[in-house]
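Note sheet for the following structure.
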2 protein chains.
Amino acid sequence: MPKPTGEAESKRAKASAERRALILEAAVRCFLEKGYHQTGVRDIAKQAGISLGNLYNHFPGKHDVLVEIATLERVEMTPFLEALVRPAPAGEVLGGFLRAYGHYLAQPENVLLAIEITSEALRKPDIGERFIANRFEIVAALEAVLRRGIEEGEFRAVPDPHQMAHLIVEMLDGGAYQSVLSEANMDTLLDAIDDFVFAAIRRH
Amino acid sequence: MPKPTGEAESKRAKASAERRALILEAAVRCFLEKGYHQTGVRDIAKQAGISLGNLYNHFPGKHDVLVEIATLERVEMTPFLEALVRPAPAGEVLGGFLRAYGHYLAQPENVLLAIEITSEALRKPDIGERFIANRFEIVAALEAVLRRGIEEGEFRAVPDPHQMAHLIVEMLDGGAYQSVLSEANMDTLLDAIDDFVFAAIRRH
DNA sequence: AAACTATGAACGATCGTTCGTTCAATATGG
DNA sequence: CCATATTGAACGAACGATCGTTCATAGTTT
């Protein structure tokens, strides 16, 4: 067997992939606990249970670890994206999204991680691009629901559905952040968001 | 003259106060350009045109510089707070606030600084308290306007005016952040916010 | 002279990264 | 199929830079 690459090599490759995942999980834990800039590469290695040098065998550097995390955030959005294309009355889809996404954001870890990425995105273009891309997908799907609701006569003719979609997401995000910082009740907040949004799109 | 404190001392005190202000301005510039954690104390001193050691004559440390900046942010809120207690129809007051506060936030420096403080507020309680306090004042004033509008029959009976005030502020904040990151048009965004809010509070 | 302001060298700690090395898994030549 | 290069994972010491802070010293005001 001169070239058993189909399966033999995949043994190492798989182990390597597992290590990468291990490092990423460790990094997330560190970033959540201490913040990105307060976390040292040694912290990540120690948390992952590997050596400092070995981390650099799997990632070019600290920055790239965060980039990968920001990229993986995209995967977490898929359930919400799928829920938004559900063939049901637009109002129902929208209401479901508000609750589902709101509950996702209600987990403090998601908020904290988002803030770390958000903050770094301002000065690191590659992270900013990924962040905007993730955000854009959600907004676009939400916008489509709004447009459908308008076409089907369920919602009023909002002047700018795209902007409204943006604002809804930002309301959810901002609310989640406030609920973390000031320990507000996220359920109460979700009720308020629901009322706010539906009052704004209700036909006269 | 054993104690010429009445006027003589105030000369030095004034000079010292000016130095403090100089340092704070320099720090703001640095934090805006590089971010809080990426800014070194030497950077601030150099930007202020003073020596490294002298900075420590005016501030106990780097952290305290940010605390002071977060505190001073409160002053910037007073115009908006005053505008919100204006004795005019609630809808007019609200609309004026949305534009004024929106334009304030449209300046990228205000957004960037807010994010630096926001981010640090998560893990530094004293900064968090100040941030929440500033936010609370705006929200409370806005809530009062909403309640007045409801009482006077101008707005619909929103179930939770406090939460709605929160959400409005978060929409403004989030929108401003997006306008910085993705270079969206803030004017377009403000129009959307205006429409969104007034549609949500309009009576049936 | 006493009190305050200003200076920059110096400190210990920690930063992100690189380095030489070891070692087991894999590919290749016989 | 075995012996042998080759590869890449794993390690932790070491590097130079920079971090926030302190300190001894000199200059300036009152």
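Numbered from 1 within each chain, the chains take letters A, B, ... in sequence-line order.
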Length of the NZ-P vector between B/Lys46 and C/dA6, whole Å: 19 Å
Can you tell me if A/Ser16 touches the phosphate of D/dA9, counting only side-chain N or O atoms and a distance under 4.0 Å to OP1 or OP2? yes
Point-to-point distance, once rounded to the nearest 0.5 Å, from CD1 of A/Ile117 to NZ of A/Lys124: 13.0 Å
Tabulate protein N/O versus nucleotide N/O from nucleotides 14-18 of chain D, keeping only pairs under 3.5 Å, one per line.
residue: D/dA14; atom: N6; partner: A/Arg42; partner atom: NH2; Å: 3.3

Show me the pairs that pass ring-ring contact (aromatic ring centres under 6.0 Å, His included) and involve residues 106-127 of chain B, at least two apart or across chains. none
Contacts of type side-chain contact (heavy atoms from CB on, under 4.5 Å), residue A/Ala27, not counting sequence neighbours: A/Phe31, A/Ile44, A/Val65, A/Ile69
Listed once per pair and sorted, the side chain to side chain donor-acceptor pair (under 3.5 Å) pairs that draw on residues 166-175 of chain A, sequence neighbours left out: A/Arg135-A/Asp173
Rounded to whole Å, how long is the line connecting atom NZ of B/Lys14 with atom P of D/dT29? 17 Å
Which residues satisfy the side-chain contact (heavy atoms from CB on, under 4.5 Å) test with B/Thr71, sequence neighbours excluded? B/Val67, B/Arg130
Please state how far atom CD in B/Glu120 lies from atom P in D/dG20, giving the value in whole angstrom units. 12 Å
Just to be sure I understand the geometry, which residues of residues 53-70 of chain A put a non-hydrogen atom under 4.0 Å away from DNA chain C? A/Tyr56, A/Gly61, A/Lys62
Heavy atoms of other groups near A/Glu33 CD, more than 12 under 6.0 Å: no
When every non-hydrogen atom of B/Arg20 is compared with those of B/Phe59, the smallest separation belongs to NH2-CE2, 3.6 Å
Residues in side-chain contact (heavy atoms from CB on, under 4.5 Å) contact with B/Asp191, at least two apart in sequence or another chain: B/Arg99
Interatomic distance where CD1 belongs to B/Ile44 and C1' belongs to C/dA6 [whole Å]: 18 Å
Only one of A/Arg74, A/Glu129, A/Glu76 passes side-chain contact (heavy atoms from CB on, under 4.5 Å) with A/Asn134; say which it is. A/Arg74
Listing, residues 82-95 of chain A side-chain donor-acceptor contacts under 3.5 Å, not counting sequence neighbours, or none:
none

Is there any ring-ring contact (aromatic ring centres under 6.0 Å, His included) pair reaching into residues 63-92 of chain A, and which pairs are they, with sequence neighbours excluded? A/Phe80-A/Tyr101, A/Phe80-A/Tyr104
Within residues 22-36 of chain A, the residues having a heavy atom closer than 4.0 Å to DNA chain C are none
Residues in side chain to side chain donor-acceptor pair (under 3.5 Å) contact with A/Gln47, at least two apart in sequence or another chain: A/Arg29
What does the inter-axis angle of the helix from C/dA1-D/dT30 to C/dG30-D/dC1 come out as, five pairs per end, nearest 10 degrees? 20°
Over 60° means perpendicular and under 30° means parallel, so classify the ring planes of B/Phe196 and A/Phe196, tilted if in between. perpendicular
